[in-house]
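Below is one structure, written out as structure tokens; comments come after it.
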Amino acid sequence: MPTEDELRAQRLAKRARLMQLDAGFPAYPARVERTHTAAAAVAAFEASEAQGDAVAPAVAVAGRVTAQRLMGRAAFVDLRDGSGRIQLSLRRDNLGESFDALDLLDLGDFVEAGGTLFRTRTGELTLAVERWRIIAKALRPLPEKWHGITDTETRYRQRYLDLIANERAREIARKRAAVLAAIRDWYHAHDYIEVETPVLQEHAGGAAARPFVTHHHALDRDLYLRISLELHLKRLLVGGFDRVFELGRVFRNEGISRRHNPEFTLLESYEAYADYEDVARNVESLVKHVALAVTGSLQLVHGEHALDLAQPWARTTYREVLREHTGIDYTQHADAARLRALARERGVPVDEHASWGTALDALMSALVEPKLIQPTFIFDYPAEFSPLAKRKADDPALAARFELFALGYELANAYSEQNDPVEQRERMRDQAAKQASGDDETELADEDFLLALEYGMPPAGGLGIGVERLVMLVTGEPSIREVVLFPAMRERGG
RNA sequence: GGGCCCGUAGCUCAGUGGUAGAGCAGUGGACUUUUAAUCCAUCGGUCCUCGGUUCGAAUCCGAGCGGGCCUACCA
């Protein structure tokens, strides 16, 4: 009866009755006698039909019951497995007593059924069941068959229900898997090797973000969850690998939003003897490859925006794009207070202690980035906030760095890697000094990394891409929580 | 952190001051080609929580919890 507890009690009673049947109905058998998936069964029938076989092939399928239509001494049951749906036809005159076990069947149960296929009057390919059994009893009712499940919170907290009820959820999960596969294809085709580096680290470096802290009991010391992959991958360049990439989960102890999950998958790659211009060509090739592999097209629809990846991607510079959208030439304003004032004049709130770089970043984030819908490279960032990048030879105030934007957000970040151990140490010290003065998101000196650099690292171009954002790009989903199967949620309270 | 919106049956939703409802699912019955099966009957509620206003609160007010969107933060 209809409270949740009563529904569950009914099903528990059916489970118990199932256990007591001696006609071969264990409620949870370990072994299933399946010969075909739903899709394979259909294919087998159609092949046999095409050959003009007189007798349809015998098949055994297994899956979850998603609908049942009971008509006295006959019944139709819809079964769904990973390959699709197939209809079962059960009749009392064929099945005898085992037909009566339908009394113990509920929507959501898993069933195994063997028999031969035929076409119904309406033409639907259907399995005429000769034997069947319940192979996993469900104790709770499935979401409603017609409207499915729409409550956002339930969809995220109980993603399995979302996947059962909503084809779109299944499609996004498959596309995410396809993105990862396409990324690996591209890198393997370009002679990169895939590596794995530590998640638990003594220093969380390679990015400016607040890390999660954890504790190692045997060593009795705190460790950090990584915030990027960078510093370990560069050690591998020192070690002699010319092309490496990693698809790794990183963790940033920051806010949760439509575009930020505390843990996310980062793609980073490093190529020795390349610079950031080479990386720009590669990232364009990579993203096009992924889009084509996953969607079959370079034209992506995103709400009211149509993205055209086939057109040559726009290229600009940090100085130019900022001037274009704000009228500010930052090279004319070396003073942090002056920049903060200019930002406020344009309605961009900045903290009164914001550094020069932070104020510039606020301007970019508020007035420039949201306008960059089509894929756009921004080259040559101020060296000030690019401590791991090489400076440009012809202008040491600039870093040999670009970021790639699309749909108003950062998709990729790349630079010619700093490989001068002396300069790198100085840059890290500068950052440490900033942290001492209150900025808690800076690059700390990592002596173990600097030691590696002193053994010599080849010139290299490095790249980082937020995989979720790439998945959002190719699926058209505006929220990161739709492309992460189990997004971070608050503890359920109330 | 700020603003707006949402929370009613297992699911999808109505109900906006006067006896808590519908469809699906469930239960009982009819039905041997249905496919959102159909028909008859029926069970089912902490109306998110706590407090307040009122003769009377799902409804109005306040606080809290959870969620969504926007915003802020975020290499």
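Here the structure is a predicted model, which means the values were calculated and not measured.
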Self-check item: With A:D106 via side-chain hydrogen bond (donor to acceptor under 3.5 Å, both in side chains) - residues at least two apart
Solution: A:K14, A:K137
Quiz item: If you find the nucleotide of RNA chain B closest to A:R69 and the one closest to A:I256, which residue's nucleotide is nearer the 5' end?
Solution: A:R69
Exercise. State which residues pass salt bridge (Lys or Arg N to Asp or Glu O under 4.0 Å) with A:R249; sequence neighbours excluded, sorted by chain then number.
Key: A:E263
Exercise. Report which part of the nucleic acid A:F118 touches: base, sugar-phosphate, or nothing (heavy-atom distance under 4.0 Å, all strands).
Key: base
Which atom pairs link the protein and nucleotides 2-4 of chain B when you take only N or O atoms and keep those under 3.5 Å?
none

Quiz prompt | Partner residues of A:R80 under the side-chain hydrogen bond (donor to acceptor under 3.5 Å, both in side chains) criterion, sequence neighbours left out | solution = none
Exercise. Taking ring pair (Phe, Tyr, Trp, His ring centres under 6.0 Å) as the test, write out the residues that go with A:F76, two or more places apart.
Key: none
Quiz item: Within the structure shown, what part of the strands sits under 4.0 Å from A:Y156 by heavy-atom distance: base, sugar-phosphate, or nothing?
Solution: sugar-phosphate
Quiz item: When all nucleic acid strands are considered with a 4.0 Å heavy-atom cut-off, which category describes A:T154: base, sugar-phosphate, or nothing?
Solution: nothing
Practice problem: Could I get the full list of side-chain hydrogen bond (donor to acceptor under 3.5 Å, both in side chains) partners for A:Y224, not counting sequence neighbours? | Solution: none
Interface polar pairs with nucleotides 28-32 of chain B, N/O, under 3.5 angstrom:
residue, atom, partner, partner atom, Å
B:C31, N3, A:G72, N, 3.1
B:C31, N4, A:G72, N, 3.1
B:U32, OP1, A:R73, NH2, 3.1
B:U32, O2, A:R91, NE, 3.2
B:U32, O2, A:R91, NH2, 3.0
B:U32, N3, A:D93, OD2, 3.1
B:U32, O4, A:D93, OD2, 3.4

Quiz prompt | Under the ring pair (Phe, Tyr, Trp, His ring centres under 6.0 Å) test, residues paired with A:F402 that sit two or more places apart | solution = A:F377, A:F379
Quiz item: Excluding sequence neighbours, so at least two apart, what forms side-chain hydrogen bond (donor to acceptor under 3.5 Å, both in side chains) with A:R252?
Solution: none
Practice problem: Please list, by residue number, the residues of residues 160-171 of chain A whose heavy atoms come closer than 4.0 Å to an atom of RNA chain B; answer none if no residue qualifies. | Solution: none
Quiz item: Which whole-number value in Å describes the distance from A:L231 CG to B:A75 P?
Solution: 16 Å
Exercise. Please list, by residue number, the residues of residues 136-148 of chain A whose heavy atoms come closer than 4.0 Å to an atom of RNA chain B; answer none if no residue qualifies.
Key: A:P141, A:E144, A:K145, A:W146, A:H147, A:G148
Review item, side-chain donor-acceptor pairs of residues 60-67 of chain A, under 3.5 Å, at least two apart:
residue, atom, partner, partner atom, Å
A:R64, NH1, A:G108, O, 2.9

Quiz item: Mapping A:R119 and A:R258 onto RNA chain B by nearest heavy atom, which one lands closer to the 5' end?
Solution: A:R119
Quiz item: How would you label the contact of A:Q68 with the nucleic acid (heavy atoms, under 4.0 Å): base, sugar-phosphate, or nothing?
Solution: sugar-phosphate
